J.: 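Pasting a structure below so you can have a look.
We count ligands from 1, going down the list as the structure has it; atoms in each ligand are counted the same way. Worth saying up front: this structure is predicted, and the values here are computed from it rather than measured.
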Amino acid sequence: MIKHNFSAGPSVLPKSVMEKASEAVLNFDNGLSILEISHRSKSFVDVMENARSLALELLGLEGKGYKALFLQGGASTQFLMVALNLLEKRAGYLNSGTWADKAIKEAKIYDDIYEVASSKNANYNYIPKGYDIPEDYDYFHCTSNNTIFGTQMKNFPKSPIPMVCDMSSDIFSRHIDYSQFDLIYAGAQKNMGPAGTTLVIIKEDILGKVSRKIPSMMDYKTHISKGSMFNTPPVFAVYTSMLTLEWLKNLGGVKAIEEANDKKSRLIYSEIDLNPLFKGYAVKEDRSMMNATFTLENENLKETFDAMCLEAGISGINGHRSVGGYRASMYNALSLDSVKALVEVMSELESKA
Ligand SMILES: Cc1ncc(COP(=O)(O)O)c(C=O)c1O
C-alpha cells in the first residue's frame, strides 16, 4: 500500500534520494560503504564541499560572505551556540512558539534576553507583529516556522542588528531573500535529510565580537576554519542531505518547490475551511505552508477518522500534545497526491457523518 507520510520530523524524503543513499551504504566508493570510509578521503571531502556549496547556491547566498557548515547536536545545540558566539550584553528574541521559547531559555544562561514580542498567551496560534527591535542589542532571533503550532512568518522585520533565524522546519521550502539573515540554522531532519546534522549558514563578519572564551567545538570560527571537518562529521547524514539538495536543484530550486508547496497547502486549508467537521488551529494569515494544524469539531469522530486514515495509508498526522488534534506536515518531499489522499478522507468523513 502507498504510504502518505505526514510526519513532523524526521520526515518524508524523496524516494530517489533514499535509493541512492541505500546504494551508498553498500557501495559508495570502490566497494566501500559510505559508513566505513574515512571522512578525510577525497570522495567524502567532495561530498562535504558539494553539500556546503549547494546549500548556499539554493538559498542565493553564494559569493555574499556566507559560510555553510554541517554540524551536530541538532538545532537545540544552536540555541546555545548562537548565544555563546554572539551575545555580549543583550539580545532580542521573538517568542512565537515552543522552540523559540527553548532558544530563549538557553540564551538566558549567558546573558540578558529581551522578548520583543510573544504569542505565548494565545498558545502560540499567531505570529506577533508590529514590535521594535532595539538598535543597541547584539542580535535579533526569530523562528521562521513554528512546527508545533503551524504558524509561519510571511514577512521578516527590517532588523537594525544582525538577524538570526531558526529555519528548522521551512528552510529550502520557499523563495525569500535569505540575505536579510546573518545566521540561519536548521536541523536536517525535515526538509533536507535524516536526523544527525544541522545546517548553519553564517555571515562571517558577525563573528569575533564577544569577549568570552568559547570552547572549540562551540565556536563557529573553529568549524569555518576547518571546512566543517574539525571533528568527524556525520557522514551519512551529510551525504543524504547533499543528495536531497541535488534533487531540489534538479527540480528547479526553491522557486519551483514553493509553487508545489503552495498548491499542497492551499488544498488542505481549503478543505479545513470548507468542511464543517474540522477547524484550523493557527490564525489564517499566519498559517504555515509546512505544518497544517487542525482539530475535529466533534471529538466523537476521532476513532472513525483515525481508522479511515490508517486504511488510506496516511501516517504521522497526530497533533503535538500541546495543541492536540492533527498536524499534517507537508515538507518538500511530500507529494500533492499524499495531500489529495488526506483531503479525500476528510471529505469522506463529512459525507459519512
Ligand atoms: C523550529 C524548530 N526548532 C528547533 C527544533 C529542535 O531541533 P533538534 O531536534 O534538531 O534539536 C525543532 C524540532 O522539531 C523545530 O521544529
J.: Parallel, tilted or perpendicular, judged at 30° and 60°: which one describes the rings of F156 and F181?
T.: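 Taking F181 first and then F156, their aromatic rings stand perpendicular (interplane angle over 60°).
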J.: Under 4.0 Å from ligand 1, counting heavy atoms only, is it the side chain of F79, its backbone, both or neither?
T.: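 It is the side chain that gets close, since no backbone atom is under 4.0 Å.
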J.: What is the closest protein heavy atom to atom 3 (N) of ligand 1, and at what distance does it sit?
T.: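 Answer, as residue, atom name and distance: D166 OD2, 2.6 Å.
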J.: Are a donor atom and an acceptor atom from the side chains of D182 and Y66 found within less than 3.5 Å of each other?
T.: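 No, Y66 and D182 have no side-chain donor paired with an acceptor closer than 3.5 Å.
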J.: Does anything in residues 285-299 form a salt bridge (charged side-chain N to carboxylate O under 4.0 Å, His left out)? List the pairs, not counting sequence neighbours.
T.: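 Listed by first then second residue: K129-E285, K129-D286, D273-R287.
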J.: S168 heavy atoms, cut-off 4.0 Å: which ligand 1 atoms fall inside?
T.: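 Those of ligand 1 that fall under 4.0 Å from S168 are 1 (C), 2 (C), 3 (N), 4 (C), 15 (C).
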J.: Pull out every atom of ligand 1 sitting under 4.0 Å from any heavy atom of G74, numbered as shown with elements.
T.: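 Matching atoms, with element in brackets: 10 (O), 11 (O).
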J.: Do the ring planes of H141 and Y93 sit parallel (below 30°), tilted (30 to 60°) or perpendicular (above 60°)?
T.: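 Ring orientation, 0 to 90° scale: parallel.
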J.: In plain terms, say whether K15 and E19 are close enough for a salt bridge, that is, a side-chain N and a carboxylate O under 4.0 Å apart.
T.: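 Yes, charged N to carboxylate O under 4.0 Å.
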J.: Specify the protein heavy atom at minimum distance from atom 16 (O) of ligand 1: its residue, its atom name, and the distance to 0.1 Å.
T.: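 Checking every protein heavy atom, the shortest distance to atom 16 (O) of ligand 1 gives T147 OG1, 2.4 Å.
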J.: Students should be able to answer this: which protein heavy-atom is nearest to atom 13 (C) of ligand 1, and at what distance?
T.: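 Result for atom 13 (C) of ligand 1: W99 CZ2, 3.3 Å.
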J.: May I ask you to identify the nearest protein heavy atom to atom 9 (O) of ligand 1, giving residue, atom name and distance to one decimal place in Å?
T.: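 Checking every protein heavy atom, the shortest distance to atom 9 (O) of ligand 1 gives Q189 NE2, 3.6 Å.
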J.: Determine the interplanar angle of the W99 and F79 rings, folded into 0 to 90°, and report it as parallel if under 30°, tilted if 30 to 60°, perpendicular if over 60°.
T.: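 Geometry flag for F79 against W99: tilted rings.
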J.: Other residues, nucleotides and ligands only: do more than 12 of their heavy atoms fall within 6.0 Å of NZ on K154?
T.: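 More than 12 within 6.0 Å, yes.
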J.: Does an N or O anywhere in K190 fall below 3.5 Å from an N or O of ligand 1?
T.: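 Yes; at least one N/O pair falls below 3.5 Å.
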J.: Which one of A75, S329, A100 has a non-hydrogen atom at the shortest distance from atom 7 (O) of ligand 1?
T.: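 Answer by nearest heavy atom: A75.
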J.: Is it the side chain (CB and beyond), the backbone, both or neither of N145 that lies under 4.0 Å from ligand 1, heavy atoms counted?
T.: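 Contact part for N145 vs ligand 1: backbone (N, CA, C, O).
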J.: Run the salt-bridge test on K209 and E88 with the 4.0 Å N-O cut-off and return the result as yes or no.
T.: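 Result for this pair is no, no salt bridge flagged.
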J.: Considering S76, A103, G196 one by one, which has a heavy atom nearer to atom 11 (O) of ligand 1 than any of the others?
T.: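 Closest candidate by heavy-atom distance is S76.
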